[in-house]
Visitor: 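Take this structure, written in structure tokens, and hold onto it; I'll ask about it next.
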Amino acid sequence: MSGNWISLVDALVNLYVLLIVVYVFTSWIGLDPWHPARRLLGGLVEPVLNPLRRYIPPVGGLDFTPLVAILLIELAGQLLKALLAGGL
């Protein structure tokens, strides 16, 4: 039974990481911030990125908060999967 939960956590982590990556790419290609897809992605991703931006300033005009968010989400997913598997 825990295998199903582990698979679900893995799928959700992968989906959220994909959302962050797509959000970043839409900003790079210059998609209008008012485009419905961009607004949807922003609504899903910005609540995670904004708190990190308070602690991680841009470096040379580059925003590294998506990378940090991906690392933290992957770490949290690994910890949760370990807890579900009884490994901690």
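Throughout, residue positions are numbered sequentially from 1 according to the sequence presented.
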Visitor: Passes salt bridge (charged side-chain N to carboxylate O under 4.0 Å, His left out), D32 versus R38? Steps please.
Guide: CA-CA 7 Å; D32 180 19; R38 177 79 192 264; over 6 Å; no
Visitor: Is atom CZ of F64 surrounded by more than 12 heavy atoms (other residues, nucleotides or ligands) closer than 6.0 Å?
Guide: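 Counting other residues, nucleotides and ligands, CZ of F64 exceeds 12 neighbours.
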Visitor: Apply side chain to side chain contact (heavy atoms under 4.5 Å, CB included) to residues V21 and I70 and explain how you reach the verdict.
Guide: CA-CA 9 Å; V21 170; I70 289 171; 4.0 Å; yes
Visitor: Between Y23 and L49, does a side chain to side chain contact (heavy atoms under 4.5 Å, CB included) hold up when you go through it step by step?
Guide: CA-CA 11 Å; Y23 183 70; L49 298 181; 4.2 Å; yes
Visitor: Supply the atom-to-atom distance L62 CG to L67 CG, rounded to the nearest 0.5 angstrom.
Guide: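 L62 CG to L67 CG: 11.0 Å, rounded to 0.5 Å.
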Visitor: Could you tell me the separation between the CG atom of L19 and the CG atom of N14, rounded to the nearest 0.5 Å?
Guide: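 That separation rounds to 11.0 Å.
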Visitor: Kindly work out whether a path of hydrophobic side-chain contacts (I/L/V/M/F/W/Y, heavy atoms less than 4.5 Å apart) joins V45 to V17.
Guide: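 Same cluster: V45 reaches V17 through Ile, Leu, Val, Met, Phe, Trp or Tyr contacts under 4.5 Å.
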Visitor: Okay, side chain of D10, backbone of I6: is any donor-acceptor separation there less than 3.5 Å?
Guide: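 Not at all, since once roles are kept as given, no pair shorter than 3.5 Å links the two residues.
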Visitor: Look up atom CD1 in I73 and atom CG in L80, then write down how far apart they are to the nearest 0.5 Å.
Guide: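 Between I73 CD1 and L80 CG, I get 13.0 Å after rounding to 0.5 Å.
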Visitor: Please determine whether side chain to side chain contact (heavy atoms under 4.5 Å, CB included) holds for the pair I20 and L41, giving the CA-CA distance in whole Å, both sets of side-chain angles, and the decisive distance to 0.1 Å.
Guide: CA-CA 8 Å; I20 292 172; L41 286 170; over 6 Å; no
Visitor: Minimum heavy-atom separation for G77 and V9, please, with both atom names.
Guide: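 Reported closest heavy-atom pair: O-CG1, 4.0 Å.
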Visitor: Any salt bridge linking R39 with E46? Criterion: basic side-chain nitrogen under 4.0 Å from a carboxylate oxygen.
Guide: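 A salt bridge is absent here (no side-chain N lies under 4.0 Å from a carboxylate O).
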Visitor: List the atom of P47, the atom of G42, and the distance in Å for their closest heavy-atom pair.
Guide: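 That closest heavy-atom pairing would be CD-O, 3.8 Å.
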Visitor: Do L18 and L31 share a hydrophobic cluster (ILVMFWY, side-chain heavy atoms under 4.5 Å, transitive)?
Guide: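 No.
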Visitor: Using a 4.5 Å cut-off on heavy atoms from C-beta on, say whether the side chain of P51 contacts that of V48.
Guide: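 V48 does not reach P51 side chain to side chain.
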Visitor: Got a donor-acceptor contact below 3.5 angstrom from the Y16 side chain to the L44 backbone?
Guide: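 Confirmed, Y16 side chain pairs with L44 backbone.
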Visitor: Do the side chains of L84 and V13 join up, straight or via other hydrophobic residues, at under 4.5 Å, putting them in one cluster?
Guide: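 They do share one cluster, since a chain of ILVMFWY contacts under 4.5 Å joins L84 to V13.
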Visitor: Can you get from L72 to L79 by hopping between Ile, Leu, Val, Met, Phe, Trp and Tyr side chains that sit under 4.5 Å apart?
Guide: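 No, because L72 and L79 fall into different hydrophobic clusters, even though each may have its own neighbours under 4.5 Å.
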Visitor: Using the rule that Ile, Leu, Val, Met, Phe, Trp and Tyr join whenever any side-chain heavy atoms are under 4.5 Å apart, tell me whether L75 and V68 fall into a single cluster.
Guide: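 Result: no, two separate clusters.
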